[in-house]
Each structure stands twice: as C-alpha cells, then as structure tokens.
Amino acid sequence: MSVQIFHSILETRSALEQVRRRGDSIGFVPTMGALHTGHGCLIETARRETDFVVVSVFVNPPQFDREDDFARYPRDLKSDVSFCESRRVDLVFAPEAEEMYPSPQRTWIEVTGLTEQLCGRFRPGHFRGVATVVLKLLNIIQPDRAYFGEKDAQQLAVIQRLVRDLNVPSSIIAVPTVRDPDGLAVSSRNRRLSAEERQEATAIYRALCRARERIENGATNAGEIKREAQAMLEAHHRLRIEYLEIVDAGEMQSVEHITGPVRVAAAVWAGSTRLIDNLLCVPGTR
Ligand code: AMP
C-alpha cells in the first residue's frame with residue numbers, strides 16, 4: 001500500500017483512530033523534511049518496532065531564531081514523500097503553518113535547567129519552539145513510541161524531560177547519530193556547504209573523537225581536553241566555533257572535572273552554515 005499524505009489534523013486523527021482501533025501500535029518520527037539517511041535510520045527503527053509508522057514534515061517557524069535560516073531551510077515535500085514511500089512509511093503528516101498555529105500561540109512549553117546552555121544559549125527561544133511543537137505533535141499523533149536522534153542530544157534531553165514532567169503517554173526512543181563515511185554527521189544543512197567547507201567540516205568529528213579518546217583514557221580536566229579540541233578546529237580558517245563544551249550526560253551542565261559519563265558537544269559555523277555534533281564519552285573505558 002502506498003503512503004497516505006495528510007495536511008489536516010482532523011484527517012490525520014481519524015486515520016490514526018482506525019489504526020488504534022485495530023490494535024496496531026504507532027511509531028512516530030517528527031522531522032522538518034529534507035529527509036536524509038539520518039531520518040532514514042529513525043524511520044527504519046520505527047518500522048522494526050511498531051506496526052504503523054507516521055512521519056511528520058513541518059518546518060516549525062517558532063523554533064527558528066533567525067529569519068534567514070527559516071527562509072533558507074530546504075523544502076521539497078515531493079521527494080520527502082518518495083523517500084518515505086521507499087521506506088514503507090504508512091502516513092506522512094505535512095501541515096501548513098496555519099494548520100498548526102491557526103491563531104497566535106499563547107501557550108508555550110519551557111523546559112528549564114536543560115535549555116540555558118549549549119544551543120539554548122545561542123539560539124534564544126529555540127527550545128521553547130521545539131518543546132511546544134513536539135508536544136502539539138505528540139498530542140495530535142498520540143504515538144506509542146516517538147523517535148529522536150542523538151545528534152540533537154540537547155533536544156533529546158529536553159523532549160525526554162518534557163514527556164516525563166507532563167505525563168505524556170509515549171515512549172521516547174533515542175537513535176544513534178548517522179554519519180557520512182568521513183565522520184561528518186548527516187544533516188539537512190550539509191547541502192549548503194561548499195566543497196571546501198564540507199572538507200573542513202570533517203574536523204568537527206575528529207576533534208570530538210580526540211576528546212573522547214582522552215576521556216576514555218582517563219583524562220579528567222575538561223578545560224585541557226576542550227583546549228586541544230578547539231585548537232584542532234581553529235586550524236581550519238573556514239570554521240568558527242560557537243561553543244565546544246563538556247557537559248554531564250544527564251542534566252547537560254558544564255563540568256570541569258570529569259567523573260562520570262559526559263557529552264562533548266560542539267556548534268561550529270562552516271562559512272554561513274551552523275553545524276552541531278556531539279559524542280557520549282564514558283571515562284576509563286579503554
Ligand atoms: P530535523 O529534521 O533536523 O529536525 O531532524 C528530525 C529528527 O532526525 C531529529 O530527531 C534529529 O535528531 C534526527 N536526526 C537528524 N540528523 C540525524 C543524524 N545524522 N543521525 C540521527 N538522527 C538524526
């Protein structure tokens with residue numbers, strides 16, 4: 001059967017009601033479209049674990065802190081739909097902004113504590129926009145399981161917390177980051193990179209790997225580890241570091257002395273394109 005495409009909340013809800021009535025479980029993959037192998041991995045995991053797979057494609061205005069980033073975000077619903085079809089997705093929910101925000105939104109979800117650092121520090125209002133749209137989508141789809149990538153580790157932590165704090169009856173499933181063969185994390189924004197920027201961007205993964213290697217070998221001084229990773233990035237003149245941090249893996253707070261699992265996380269500009277990546281590091285595992 002080919003994939004069903006709905007633009008309205010009402011139609012989506014009534015299709016999903018039938019799915020639930022026949023006892024099938026629902027897996028949900030929220031995306032902003034421009035689908036790539038990273039999204040593909042989320043979809044494949046959902047396909048394996050649930051009976052009926054829903055993908056949403058919605059470029060959510062409130063989570064963009066910069067107008068130009070929103071305007072330039074790649075959109076191609078037709079190729080997203082064929083991507084979904086080839087991966088046996090059952091339903092694509094692709095609403096217009098007016099469908100999701102028919103009147104000015106006055107209710108916003110703020111997840112405190114987890115959102116003041118890393119991306120939250122540099123993208124004011126971003127996580128408020130993400131948390132609000134994800135809760136709206138979870139309320140519309142009401143999935144048994146919803147799938148998110150570890151590539152956006154802070155986003156994942158925010159969603160896990162939101163679901164716990166607000167008793168949302170969906171399980172949140174984390175999926176490991178998908179990378180190109182040279183290590184660069186796959187992202188919709190990669191297609192904006194020039195050949196030279198794309199080449200230099202591979203330094204991000206190398207710098208994170210070096211930090212992970214040191215932590216696994218028992219290094220505990222976060223400042224020193226960060227300085228070495230920063231120097232590896234600064235050697236490339238097309239790259240500009242927005243942040244490079246070592247945070248604890250649970251609350252995502254900066255640590256100075258590493259005593260348990262941490263994430264090394266970075267946001268780096270390659271020309272006018274902002275890239276993020278992170279690695280989980282567990283001390284003393286080598
Ligand atoms: P986006 O369309 O960028 O909002 O991403 C939708 C979902 O795909 C989010 O849960 C992302 O974390 C996830 N995702 C994006 N890129 C990757 C990747 N390279 N590997 C795994 N998951 C990813």
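Computed over heavy atoms, backbone and side chain alike; hydrogens, waters and symmetry mates excluded. The chain is numbered in sequence order, starting from 1. In each ligand, atom 1 is the first atom listed, and ligand 1 is the first ligand listed. Since the model is a prediction, treat every value here as computed from it, not as a measurement.
The nearest protein atom to atom 15 (C) of ligand 1, hydrogens excluded, is given as H36 CE1, 3.9 Å; this is a heavy-atom distance. Ranking the protein heavy atoms by distance from atom 12 (O) of ligand 1 puts D152 OD2, 2.6 Å first. In terms of protein heavy-atom proximity, atom 5 (O) of ligand 1 is closest to H39 NE2, 3.4 Å. The nearest heavy-atom contact from the protein to atom 3 (O) of ligand 1 is Y73 OH, 3.9 Å. Nearest protein neighbour of atom 6 (C) of ligand 1, counting heavy atoms only, is P30 O, 3.3 Å. Remark: minimum distance from atom 20 (N) of ligand 1 to any protein heavy atom is reached at V178 N, 2.8 Å.
Ligand 1 has an N or O atom lying under 3.5 Å from an N or O atom of G149, backbone or side chain. In terms of N/O distances under 3.5 Å, ligand 1 is not approached by T31. Geometrically, ligand 1 and V186 share a nitrogen or oxygen pair separated by less than 3.5 Å.
Inter-residue side-chain proximity for F83 and H36 is flagged as unmet; no heavy-atom pair is nearer than 4.5 Å. I140 has its side chain within reach of M100: a pair of non-hydrogen atoms, C-beta onward, lies under 4.5 Å apart. Between M32 and F64 the shortest side-chain heavy-atom distance falls below 4.5 Å. Side-chain atoms of M252 and D248, non-hydrogen and from C-beta on, never get closer than 4.5 Å to each other. Residues F93 and L137 are in side-chain contact: their nearest non-hydrogen atoms beyond the backbone lie under 4.5 Å apart. Here the side chains of Q105 and T132 are in contact, with some heavy-atom distance below 4.5 Å.
Listed by number with element, the atoms of ligand 1 under 4.0 Å from a non-hydrogen atom of P176 are 21 (C). Which parts of ligand 1 touch T177 is read off a 4.0 Å heavy-atom cut-off, strictly below it: atoms 20 (N), 21 (C). Close approach of ligand 1 to F148 is summarised as follows: ligand atoms under 4.0 Å from at least one heavy atom of the residue are 10 (O).
When non-hydrogen atoms are compared, ligand 1 lies under 4.0 Å from the backbone of M32 as well as from its side chain. Contact annotation: for L42 versus ligand 1, heavy atoms closer than 4.0 Å belong to the side chain alone.
Heavy-atom contacts from other residues, nucleotides or ligands closer than 6.0 Å to CZ of R75 number more than 12.
From E256, atom CD reaches atom CD of E224 across 12.5 Å, with rounding to the nearest 0.5 Å.
Residue contact check for ligand 1: A34 places no non-hydrogen atom closer than 4.0 Å to it.
Each of I159, V158, V130, L166 was compared with V111 under the side-chain contact (heavy atoms from CB on, under 4.5 Å) criterion, and only V158 meets it.
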